[in-house]
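Side chains included, hydrogens not; waters and symmetry mates left out as well; all remaining heavy atoms used. Just so we're clear, the structure is a prediction, and the values are computed from it rather than from any experiment. Numbering of residues begins at 1 and proceeds along the displayed sequence.
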Amino acid sequence: MVAIKASLVPKTVADPGTAYSAFLIYGPDAGLVSENARTIALHLAAHSGPEPGEIIRLDEDDLAADPDRLSVELRTVSMFGDAKIVRLRMGARTNPDQLADFLEGPAIEGRLVVEAGELKKTAKLRKLFEGAGSAAALPCYPDGARSLEGLVDEVMRDNGITITPDAKSVLVGMLGADRALSRNELEKLALYATETKRVEVEDVREVVGDASELALDAIVRAAFAGRADQALGEYDRAVASGQTAQGVLLALQRHVLRLLRFRLARDAGRSADQAMRMVRPPVFGADRDIFIRQANTWSSRRLNALREGVARAVLLGRTEPTLEAAEAGRILTSIAQASSR
């Protein structure tokens with residue numbers, strides 16, 4: 001039985017070794033789960049043989065379309081003779097029994113890195129990995145103050161930026177419990193400080209949103225990326241953390257208005273850079289490219305119709321509070337479905 005303690009996860013991620021052929025990375029922090037899975041996969045690929053191994057990404061849709069795909073990838077070597085590393089994102093429709101043969105049967109040629117959400121001790125997937133001698137289960141829990149400080153130091157150091165102690169203290173208090181969102185905010189802050197190479201308290205307050213804003217951003221981003229399940233999952237997490245359905249609807253409303261402002265400027269003949277300068281509050285870093293892709297997915301007419309629909313949902317939530325949660329879920333699903341098309 002190999003269940004890695006949470007305190008030892010960073011060490012295992014940095015050097016997964018050769019004892020395990022399969023890893024389960026799970027927990028409520030989807031960003032940290034993804035980051036750790038990526039790090040492990042890259043390490044396994046780099047140490048798979050004379051040449052770097054091939055990393056293959058799969059999800060539940062891939063397995064649904066071809067149930068034998070996972071077996072083929074794990075039991076064969078790449079065209080260069082090196083092992084394949086399969087990163088599998090588990091979803092609600094993925095059956096853990098599909099992994100049992102690789103964990104309990106003969107040794108496999110490849111390496112398996114599985115990403116999952118929060119799992120109880122009794123969860124079948126978790127018990128499967130913890131009970132297999134050649135597998136390891138790594139829990140990923142939200143960052144505490146100490147790990148957030150380490151993340152701040154890492155990102156600032158990598159970008160050649162210094163940060164004052166006061167700014168660091170304020171920054172840690174504003175970051176949320178999702179590693180991916182925290183890293184994104186830190187990269188944005190580092191980009192903002194490119195010229196000065198120094199971050200002060202005023203810079204943090206100017207650029208970085210607080211934890212609740214980051215959670216709302218995650219919901220909105222997933223919906224407009226066409227990922228309905230992720231948007232609803234982020235929505236449930238935010239509500240469980242104290243956010244309200246009305247707050248989610250208002251965040252959607254603000255985002256739609258920003259997209260509409262950008263879209264109208266583009267329709268009027270302005271360049272993307274000119275249109276972005278009209279968006280308030282401004283969008284920085286990688287968020288800028290994501291924002292432009294979202295805006296390019298929607299026409300002005302459809303965005304205006306969406307604006308009216310969200311406004312009606314906000315009003316309904318205020319007049320009929322019992323319907324608010326369902327209405328927010330419906331709007332998120334509708335946006336995701338439209339974006340995916």
Side-chain angles (χ1 to χ4, degrees), residues 29-36 38-39 142-145 147-225 227 230-231 234 237-238 241 243 247-248 250-252 254-259 261-262 272-297:
D29 187 340
L32 184 56
V33 167
S34 178
E35 186 171 298
N36 285 342
R38 177 179 179 275
T39 301
D143 286 319
S147 55
L148 281 174
E149 288 178 357
L151 182 62
V152 171
D153 291 338
E154 174 193 332
V155 174
M156 294 300 126
R157 180 177 62 250
D158 291 347
N159 287 276
I161 307 293
T162 60
I163 182 169
T164 66
D166 287 345
K168 184 176 179 180
S169 178
V170 171
L171 180 57
V172 168
M174 295 175 72
L175 294 175
D178 186 295
R179 173 64 69 92
L181 294 177
S182 296
R183 183 178 289 278
N184 183 66
E185 291 297 300
L186 291 172
E187 294 287 357
K188 184 167 64 176
L189 181 61
L191 181 63
Y192 181 82
T194 299
E195 293 186 4
T196 63
K197 297 296 182 181
R198 182 178 176 85
V199 172
E200 305 281 355
V201 172
E202 293 74 15
D203 301 320
V204 174
R205 289 175 175 159
E206 177 72 21
V207 177
V208 181
D210 63 25
S212 62
E213 290 175 343
L214 297 180
L216 291 174
D217 285 345
I219 299 169
V220 172
R221 179 176 297 184
F224 278 91
R227 299 190 292 267
Q230 182 180 345
E234 295 287 355
R237 288 172 57 191
S241 300
Q243 186 55 261
V248 173
L250 291 173
L252 282 172
R254 291 192 296 269
H255 191 70
V256 171
L257 288 172
R258 296 168 81 201
L259 290 173
R261 179 186 291 271
F262 176 89
D273 287 339
Q274 290 172 331
M276 283 302 298
R277 285 195 285 271
M278 300 179 68
V279 175
R280 292 290 182 273
V283 185
F284 297 99
D287 288 343
R288 182 182 185 277
D289 294 334
I290 293 172
F291 183 91
I292 292 176
R293 285 199 300 271
Q294 292 175 358
N296 289 339
T297 303

Euclidean distance, D217 CG relative to H255 NE2, rounded to 0.5 Å: 8.5 Å
Can you measure from CD (E154) to CG (N159) and round to the nearest 0.5 angstrom? 10.0 Å
How long is the span from the OG1 atom in T297 to the CD1 atom in I292, to the nearest 0.5 Å? 11.5 Å
Where do Y192 and V199 land on the side-chain contact (heavy atoms from CB on, under 4.5 Å) test, with the steps shown first? CA-CA 9 Å; Y192 181 82; V199 172; over 6 Å; no
Pairwise distance CD1(I219) to CD(E234) - rounded to 0.5 angstrom: 7.0 Å
Quick check: closest heavy atoms across L151 and S182, and the distance to 0.1 Å? CD2-CB, 3.9 Å
Audit row: L171, L186, side-chain contact (heavy atoms from CB on, under 4.5 Å) steps and yes/no: CA-CA 9 Å; L171 180 57; L186 291 172; 3.4 Å; yes
Hey, mind stepping through D153 and K168 against salt bridge (charged side-chain N to carboxylate O under 4.0 Å, His left out) and telling me if it holds? CA-CA 9 Å; D153 291 338; K168 184 176 179 180; 2.8 Å; yes
Give me the atom names and distance for the closest heavy-atom approach of I161 to A193. CD1-O, 3.5 Å
Step-by-step side-chain contact (heavy atoms from CB on, under 4.5 Å) determination, F262 to M278: CA-CA 7 Å; F262 176 89; M278 300 179 68; over 6 Å; no
Going by heavy atoms in the side chains, are L216 and R254 under 4.5 Å from each other? yes
Output for pair (R221 CZ, Q230 CD), nearest 0.5 Å, gives 10.0 Å
Let's go through Q294 and V220 carefully: what are the C-alpha distance in whole Å and the side-chain angles of both, what is the deciding distance for side-chain contact (heavy atoms from CB on, under 4.5 Å) to 0.1 Å, and is it a yes or a no? CA-CA 11 Å; Q294 292 175 358; V220 172; 5.6 Å; no
So, D158 side chain and V155 main chain: donor-acceptor pair closer than 3.5 Å or not? no
Hey, could you give me the CZ/CE distance between R258 and M276, rounded to the nearest 0.5 Å? 7.5 Å
Under a 3.5 Å distance rule, please check whether T39 uses its side chain to pair with a backbone N or O of E35 as donor and acceptor. yes
